Number of protein chains: 2
Amino acid sequence: MPKLGMESVRRRSLVEATISAIHTRGSMDVTMREIATRAGVSLGLAHHYFANKDDLLTSAMRAIMTDYRTQVGEALAGADGPHERVRAIIRASLAQDQFNPEVVSAWLVFYAHAHRSPRARRILSIYTRRLHSNLCHELRQLVGERADGVAAGLAALIDGLYVREGLGTARMADSDAYRLLDSYVSLQIAAGPAKTASAA
Amino acid sequence: MPKLGMESVRRRSLVEATISAIHTRGSMDVTMREIATRAGVSLGLAHHYFANKDDLLTSAMRAIMTDYRTQVGEALAGADGPHERVRAIIRASLAQDQFNPEVVSAWLVFYAHAHRSPRARRILSIYTRRLHSNLCHELRQLVGERADGVAAGLAALIDGLYVREGLGTARMADSDAYRLLDSYVSLQIAAGPAKTASAA
DNA sequence: GGGTATATTGAATGGGTGTTCAATAAACGC
DNA sequence: GCGTTTATTGAACACCCATTCAATATACCC
């Protein structure tokens, strides 16, 4: 009983199912069959809409990154001044939708997947660059020429907190994570734009 | 032509082959056959010495962590005073043997593997706790009650740098990584032991 | 030197995987 | 109403994986 225009619905629900499957399994071993079942469609249909598993995986990757970007954009919209804008990026990174074991697991999967899939690697590096340039733009007004190093540190700090969140053990409350990141930025600002004793 | 006492030799070489296989493939998909071939033995023999794949994987995990612990121990031996001791831990974490894409890939594999294998999870959490308590012990003398938060931040920062190193894209020089971590600690020390505007 | 333990292999087993394909059924265009 | 397109399925295919097992050959023990 084919209703027309199912393609977009199916694609969306398959992508969601992929993320959800990675979520609850908490690992990279996601099978096409599991995804299809979870999306409520047959295995064949999943392959009808997505040529490869890689195709589906990268689509899910794009979806998560789009979510993140949207969230950053919204947070940025209501933020005035460079320091507040950096804080907005931090807050968006730690928002409930992003900073939970499930989504973080998905990120780790993509990181790992990027090793094999050139497409995934390209997508991921776009994200990395965008985050870095976002941070740099604001930080330059706060710490001058040290912006590059501070941005690298902040990005690494966020990634590290993500890993620890994904690991499940030794998790910390969102508020603690926020304080940690915020204090990092504040300290760097307080240290001034001088290059001595700086990062990178 | 069985020479006796091969067990220890084979075990060692299989563990090395495992790490090396993970290295060059840069991912979690390591097959028993690939490991066996790389170690120069038959697939059957690999299963003769290691009951499970999990067994072999966790052994490799233990090996890498032992390496790391040894390196930290050695660095710690020649360090005087809490600040120097923290620096020693940082240096050990960034030493060539540890901080390269291959070894980092292995770490990521183990992180992922820990999701499924309770044994792996236990081993990993032991490592996490030990690093944290090591750092805390030194940091308490430097930043007082903020030690916990600073240690968490430093550990996350190290993990984040590892992830980025493992990712391959956007890598940074060891010296830059060191400067980044060192400045983090220095800034936290300079900020004093007060709890206001601190981390955690 | 016969028996036992060790070292080692190659082949089989059973299961799970991604992917392909032919077949069916309903909606649409004309 | 008929052909084309879309939606959907279930079965089939070929492959690779971890694991098991029977078989062989060498060293050690007494």
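Keep in mind that what you see is a predicted model, and the values were worked out from it rather than measured. Residue numbers begin at 1 in each chain, while the letters A, B, ... track the order of the sequences. Scope of the values below: all heavy atoms of this structure, side chains included, with no hydrogens, waters or symmetry mates.
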- Listed once per pair and sorted, the ring-ring contact (aromatic ring centres under 6.0 Å, His included) pairs that draw on residues 120-158 of chain A, sequence neighbours left out: A:Tyr68-A:Tyr127, A:Trp107-A:Tyr127
In whole angstrom, what separates [X]'s [atom1] from [N]'s [atom2]?
X       : N      : atom1 : atom2 : answer
B:Leu56 : D:dT19 : CG    : P     : 10 Å
A:Glu7  : D:dT6  : CD    : C1'   : 9 Å
B:His47 : C:dT6  : NE2   : C1'   : 19 Å
A:Leu57 : C:dT19 : CG    : C1'   : 15 Å
A:Arg11 : D:dT6  : CZ    : P     : 14 Å
B:Leu4  : D:dA25 : CG    : P     : 18 Å
A:Leu14 : D:dT8  : CG    : P     : 10 Å
B:Arg33 : D:dA18 : CZ    : C1'   : 10 Å

Which nucleotide in the set [options] lies at the smallest distance from any side-chain heavy atom of [X]?
X       : options               : value
A:Val41 : D:dT9, D:dT20, C:dT8  : D:dT9
A:Met32 : C:dG18, D:dA7, D:dT19 : C:dG18
B:Arg10 : C:dT8, C:dT17, D:dT19 : C:dT8

- Touch check for B:Thr31, heavy atoms < 4.0 angstrom, all strands: base, sugar-phosphate only, or nothing? sugar-phosphate
- Query: Just checking A:Val9: base, sugar-phosphate only, or nothing, at a heavy-atom cut-off of under 4.0 Å?
  - Reply: nothing
- Task: Using five base pairs at each end, measure the axis-to-axis angle across the helix from C:dG1-D:dC30 to C:dC30-D:dG1 and round it to 10 degrees.
- Result: 0°
Does [X] pair with [Y] as a salt bridge, N-O distance under 4.0 Å?
X        : Y        : result
A:Arg179 : A:Asp182 : no
B:Arg10  : B:Glu7   : no
A:Arg91  : A:Glu74  : no

- Message: Side chains of B:Arg38 and B:Ser20 only: does a donor on one sit below 3.5 Å from an acceptor on the other?
- Response: yes
- Under 3.5 Å, is there a donor-acceptor pair linking the side chains of A:Gln96 and A:Asp174? yes
- Item | Qualifying salt bridge (Lys or Arg N to Asp or Glu O under 4.0 Å) pairs, either residue in residues 40-50 of chain B, two or more places apart | none
For residues 39-53 of chain A, run the donor-acceptor check on the side chains, cut-off 3.5 Å, and write out each pair with its distance to 0.1 Å, sequence neighbours left out.
unit_1  : atom_1 : unit_2  : atom_2 : d
A:Ser42 : OG     : A:Gly44 : N      : 3.4
A:Ser42 : OG     : A:Leu45 : N      : 3.2
A:Lys53 : NZ     : A:Val30 : O      : 2.8

- Message: Quick check on contacts: within residues 48-55 of chain A, what sits under 4.0 Å from DNA chain D by heavy-atom distance?
- Response: A:His48, A:Tyr49
- Those residues that, when tested against B:Arg85, pass side-chain hydrogen bond (donor to acceptor under 3.5 Å, both in side chains) (two or more places apart): B:Glu138
